[in-house]
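The block underneath contains the structure these notes are about, expressed in structure tokens.
Just so it is clear: chains get the letters A, B, ... in the order the sequence lines come, proteins before strands, and each one is counted from 1. The structure displayed is predicted, hence computed values, not measured ones.
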2 protein chains.
Amino acid sequence: MNIGQAAERSGVSAKLIRHYESIGVVPKAGRSDAGYRIYTENDVHILSFVRRARDLGFSMKEIKKLVGLWRNKSRASAEVKTLALQHVKALDQKIAQLEAMSKSLKQLARNCHGDGRPECPILDGLSE
Amino acid sequence: MNIGQAAERSGVSAKLIRHYESIGVVPKAGRSDAGYRIYTENDVHILSFVRRARDLGFSMKEIKKLVGLWRNKSRASAEVKTLALQHVKALDQKIAQLEAMSKSLKQLARNCHGDGRPECPILDGLSE
DNA sequence: TTTGACCTTCCAACGATGGGAAGGTGCAGA
DNA sequence: TCTGCACCTTCCCATCGTTGGAAGGTCAAA
């Protein structure tokens, strides 16, 4: 299987597959005589795994660890769980940050007429 | 006032002040004979405005617009409000995304023993 | 043989920020 | 006056994840 098909099947673009290989997130693919990368079902499986981890917001560094744990049949699930819960914590912190921003901004916008006049509590709020 | 003092007073690092100037987010500062940037109270005010907008998660592109509107005494508040509400929408979308991630991951983690054994529903979930 | 779709590597960009090098300036103390 | 230190200047590089393009090689069908 060429990289294009692997990309289609895994949902990871060919561009990104090469990138992931270069930073060691996925193992180096085999090569044809002409130098084309060759992918197996298992390779596609790894790529799909990476895509799902990415969809859950893990960083590439974390994904690299997760792939390592996934491929290591004798890992301790505690290690995976720790990684996952750390990420949950980071997500929840980010959510709280964004919620605070959204809330403040909604508050400012609520008081703004939003018409042709120049008076604007939003700008006043930013100006303090 | 030198850039260091302006940085301290506005809460924007000297490094960033120069950067903001270079991309046109804040007006070019005056210069001393020796080439040092000179800041007035008003300049510090603009920088503080930028910092607060940044704290609310606005992009530099949006902040550039906001600074323009702020400095334009004849703006229509509708324009500011539109910008603000677009940003609120973007924030809320991002929040929803992160919440979905957090929720999925918590669900997976709940079923994981997190002990010395290798069985791990988190990895299984990512492996699907 | 030509054409078009694929593949290769390498280099650059985004956005916001930080780090550091190499060199000039300003001011206080000896 | 000299010295030292804290500050300033510009310039380039790094981060993170991803995308884009250029220049060139390969493959298969018409």
Between protein and nucleic acid, restricted to nucleotides 14-16 of chain C and to nitrogen or oxygen atoms under 3.5 Å apart, what atom pairs and distances do you find?
from: C/dA16; atom 1: OP1; to: B/Met60; atom 2: N; distance (Å): 2.6

Contact list (N/O, under 3.5 angstrom) for nucleotides 10-12 of chain D vs protein:
from: D/dT10; atom 1: OP1; to: B/Arg31; atom 2: NH1; distance (Å): 3.4
from: D/dT10; atom 1: OP1; to: B/Arg31; atom 2: NH2; distance (Å): 3.0
from: D/dT10; atom 1: OP2; to: B/Arg37; atom 2: NH1; distance (Å): 3.0
from: D/dT10; atom 1: OP2; to: B/Arg37; atom 2: NH2; distance (Å): 2.9

Each nucleotide N or O in nucleotides 24-27 of chain D that has a protein N or O under 3.5 Å away: list the pair and distance.
from: D/dG25; atom 1: N2; to: A/Tyr36; atom 2: OH; distance (Å): 2.6
from: D/dT26; atom 1: O4'; to: A/Tyr36; atom 2: OH; distance (Å): 3.1
from: D/dT26; atom 1: O2; to: A/Tyr36; atom 2: OH; distance (Å): 3.4

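Applying side-chain contact (heavy atoms from CB on, under 4.5 Å) to A/Ile63 and the options A/Met60, A/Lys65, A/Lys61 leaves one that passes, A/Met60.
Atom CG in A/Asn2 sits roughly 11 Å away from atom C1' in C/dA5 (whole-Å rounding). Between the P atom of C/dG18 and the CD1 atom of B/Ile17 lies a distance of 12 Å, rounded to the nearest Å. Following rounding to the nearest Å, B/Ile38 (CD1) and C/dG26 (P) show an atom-to-atom distance of 10 Å. Between the P atom of C/dT25 and the CD1 atom of B/Ile3 lies a distance of 17 Å, rounded to the nearest Å. Between A/Glu8 atom CD and C/dC7 atom C1' there is a gap of 16 Å when expressed in whole angstrom units.
To the nearest 0.5 Å, the span separating CG on B/Leu98 from CD on A/Gln97 amounts to 10.5 Å. For the atom pair B/Asp43 CG and B/Arg37 CZ, the distance stands at 11.5 Å (nearest 0.5 Å). The structure places CG of A/Leu83 at 7.0 Å from CG of A/Leu69, a figure rounded to the nearest 0.5 Å. Note that the CG atom of A/Leu66 and the CZ atom of A/Arg54 stand 14.0 Å from one another [nearest 0.5 Å].
Counting only distance, with no hydrogens or angles, the side chain of A/Ser77 and the backbone of B/Asp115 share a donor-acceptor pair below 3.5 Å. In this structure, the side chain of B/Lys64 does not engage the main chain of B/Val25 through any donor-acceptor pair within 3.5 Å.
Using a 4.5 Å heavy-atom threshold, the side chains of A/Val26 and A/Val50 count as touching. With a 4.5 Å cut-off on side-chain heavy atoms, A/Thr82 and A/Gln86 count as touching. Under the 4.5 Å side-chain criterion, counting only non-hydrogen atoms from C-beta, A/Ser74 is not in contact with B/Pro118.
The C1' atoms of five pairs define one axis at each end of the helix from C/dT1-D/dA30 to C/dA30-D/dT1, and these two axes lie 30° apart (to 10°).
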Enumerate donor-acceptor pairs with a distance under 3.5 Å from any side-chain N or O in residues 12-19 of chain B to protein atoms, sequence neighbours excluded.
from: B/Ser13; atom 1: OG; to: B/Leu16; atom 2: N; distance (Å): 3.1

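A ring pair (Phe, Tyr, Trp, His ring centres under 6.0 Å) check over residues 42-97 of chain B, counting only residues at least two apart or in different chains, returns the pairs B/His45-B/Trp70, B/Phe49-B/Trp70, B/Phe58-B/His87.
The cluster map of Ile, Leu, Val, Met, Phe, Trp and Tyr, joined by side-chain heavy atoms under 4.5 Å apart, puts B/Leu47 and B/Tyr36 in different clusters.
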